[in-house]
Student: 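If you scroll down you'll find the structure; I have some questions about it.
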Amino acid sequence: MSPEDLRIVLRVAELGSFTEAAQRLGLPRATVSTAVRRLEERLGARLLQRTTRRVSLTDDGRLFVERCQDVLADLDELRTMFQQQPQALTGRLRVDMPLAMARALVLPRLPEFLALHPGLAVEIGAADRRVDPVREGYDAVIRVGAVVAEQLVGRPLGAYTMVNVASPGYVARHGEPRSVEDLAAHRLVHYQPNLGDRPAGFEYLAADGSLRSVTMAGVVTVNATDAYLAACEAGLGIIQIPEASARPGLNAGRLVALLPAFVPPPMPVTLLLPHRRHLPRRVRAFADWVATLFPAPR
């Protein structure tokens with residue numbers, strides 16, 4: 001499976017034509033067809049669907065082309081890794097992170113990163129679910145909170161300061177709690193990624209450094225950060241979220257901070273990378289850049 005054959009398949013997929021690909025590459029059409037057929041036989045899968053008018057990728061072909069782009073970018077990097085003037089970064093970078101982080105922190109600053117590396121294409125997964133980064137082909141994932149990932153290497157990025165917030169309407173109806181004991185008369189919006197599990201309750205760091213939890217009533221449980229914040233702004237109860245996520249609502253008056261002396265401990269933010277001896281330069285460059293967006297761990 002030669003790099004030349006991979007580049008031929010990519011060009012055919014890009015142009016949707018064996019003839020146009022051959023012309024662009026300066027090769028006989030038969031050479032292009034043979035290269036594609038050779039790859040398909042080697043892989044035991046059909047990559048391209050041929051019709052009289054156009055050539056299109058099969059489902060297997062789409063997956064193969066995505067990985068091809070990464071492999072060729074890595075090969076180009078290996079060819080130049082000992083040059084004193086490194087080549088510009090190219091290829092695709094696929095990263096997963098929480099939706100709130102993508103929207104509030106990473107995406108607003110991403111143009112800066114892409115301006116430094118215009119040859120990169122970035123794919124960001126931002127769903128409230130735990131992806132399998134190895135099986136799903138992610139170059140890196142960012143996790144908030146405790147991390148358990150035996151196949152990945154963790155790099156601490158920083159920590160999220162936490163706050164307790166409610167809507168002004170909720171405070172007008174139920175009053176503002178002044179102590180942990182006051183919480184008995186209040187409601188909590190429960191956040192539970194796996195609906196049906198036991199809610200954690202109201203958590204806070206005590207003066208002795210221990211983590212305490214107060215069981216609280218609540219009529220709403222959600223499993224997504226957007227819904228969590230929306231339920232709070234609708235007046236359905238108190239929530240505990242990173243200060244960075246609450247800041248827009250606090251500044252706009254949609255949220256009110258509560259019990260500042262009884263907040264959860266900061267939540268660690270960790271970048272998880274594949275357990276490889278050699279990481280592609282594009283992955284290392286992203287890791288170095290995204291670390292600048294977070295405060296240093298305390």
Side-chain angles (χ1 to χ4, degrees), residues 96-108 124-132 141-148 159-206 210-270 294:
D96 181 72
M97 66 190 67
L99 175 60
M101 181 186 298
R103 181 173 52 227
L105 185 64
V106 176
L107 288 173
I124 291 183
D128 282 326
R129 69 178 183 90
R130 292 283 174 144
V131 301
D132 182 332
V141 296
I142 301 176
R143 292 285 176 261
V144 178
V147 169
V148 178
Y160 269 148
T161 300
M162 303 296 289
V163 292
N164 311 308
V165 294
S167 71
Y170 174 89
V171 173
R173 288 191 303 274
H174 300 278
E176 180 179 347
R178 302 290 183 177
S179 67
V180 173
E181 290 71 26
D182 290 347
L183 292 175
H186 286 268
R187 291 178 175 178
L188 194 69
V189 177
H190 295 298
Y191 178 80
Q192 196 59 47
N194 300 311
L195 293 178
D197 289 354
R198 182 183 179 85
F202 182 96
E203 296 183 335
Y204 67 97
L205 199 61
S210 62
L211 180 63
R212 307 284 180 84
S213 179
V214 178
T215 301
M216 286 184 62
V219 295
V220 176
T221 301
V222 300
N223 67 349
T225 53
D226 266 6
Y228 192 47
L229 189 56
C232 178
E233 292 186 355
L236 292 169
I238 298 168
I239 65 173
Q240 299 183 290
I241 59 173
E243 191 272 337
S245 298
R247 191 181 303 122
L250 291 169
N251 292 342
R254 298 190 304 271
L255 297 174
V256 177
L258 307 172
L259 297 171
F262 301 95
V263 296
M267 294 183 71
V269 182
T270 308
F294 294 88

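Residues: numbered from 1 along the sequence shown. All heavy atoms count here, side chains included; hydrogens, waters and symmetry mates do not.
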Student: So, Asn164 side chain and Ile238 main chain: donor-acceptor pair closer than 3.5 Å or not?
Tutor: no

Student: Does the Tyr170 side chain pair with the main chain of Arg187, one donor and one acceptor, at a distance under 3.5 Å?
Tutor: yes

Student: Kindly say whether Ser179 contributes a backbone atom to a donor-acceptor pair with the side chain of Asp182 at under 3.5 angstrom?
Tutor: yes

Student: Measuring from atom CZ of Arg212 to atom CG of Leu205, what distance do you get when rounded to the nearest 0.5 angstrom?
Tutor: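 Here the interatomic distance stands at 9.5 Å.
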
Student: Say you draw a straight line from CG of Leu255 to CD1 of Ile239; how long is it, rounded to the nearest 0.5 Å?
Tutor: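 Rounded to the nearest 0.5 Å, the CG-CD1 separation comes out at 6.5 Å.
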
Student: Take Leu259 and Phe202 through the test side chain to side chain contact (heavy atoms under 4.5 Å, CB included) and record every step on the way to the result.
Tutor: CA-CA 11 Å; Leu259 297 171; Phe202 182 96; 4.0 Å; yes

Student: Indicate the ring-plane relationship of Tyr204 and Phe262, choosing parallel, tilted or perpendicular according to the 30° and 60° boundaries.
Tutor: perpendicular

Student: Could you give the distance from CD1 (Ile124) to CG (Leu107), rounded to the nearest 0.5 Å?
Tutor: 4.5 Å

Student: How close do Cys232 and Gly237 get, heavy atom to heavy atom, and via which atoms?
Tutor: SG-O, 3.7 Å

Student: Is the shortest heavy-atom distance from the side chain of Asn223 to the side chain of Tyr191 under 4.5 Å?
Tutor: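 Contact flag for Asn223/Tyr191 side chains = no.
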
Student: Distance-only, no hydrogens or angles: does the Tyr228 side chain make a donor-acceptor pair with backbone N or O of Gln240 under 3.5 Å?
Tutor: yes

Student: Side-chain contact, heavy-atom cut-off 4.5 Å: Leu183 with Leu188?
Tutor: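 SC-SC contact between Leu183 and Leu188 ruled out.
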
Student: Donor-acceptor pairs under 3.5 angstrom involving side-chain atoms of residues 96-106: please list them, not counting sequence neighbours.
Tutor:
| unit_1 | atom_1 | unit_2 | atom_2 | d |
| --- | --- | --- | --- | --- |
| Asp96 | OD2 | Arg143 | NH1 | 3.1 |
| Asp96 | OD2 | Arg143 | NH2 | 3.4 |
| Arg103 | NH1 | Asp226 | OD1 | 3.2 |
| Arg103 | NH1 | Asp226 | OD2 | 3.4 |
| Arg103 | NH2 | Asp226 | OD1 | 2.6 |

Student: Find the distance between OG (Ser167) and NE2 (His174) and round it off to the nearest 0.5 Å.
Tutor: 8.5 Å

Student: Pairs in or reaching into residues 246-261: which pass salt bridge (charged side-chain N to carboxylate O under 4.0 Å, His left out), with residues at least two apart or in two chains?
Tutor: Glu233-Arg254, Glu243-Arg247

Student: Could you check Pro242, Pro266, Pro265, Ser245 and say which one makes a side-chain contact (heavy atoms from CB on, under 4.5 Å) with Met162?
Tutor: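 Only match with Met162 under side-chain contact (heavy atoms from CB on, under 4.5 Å): Pro242.
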
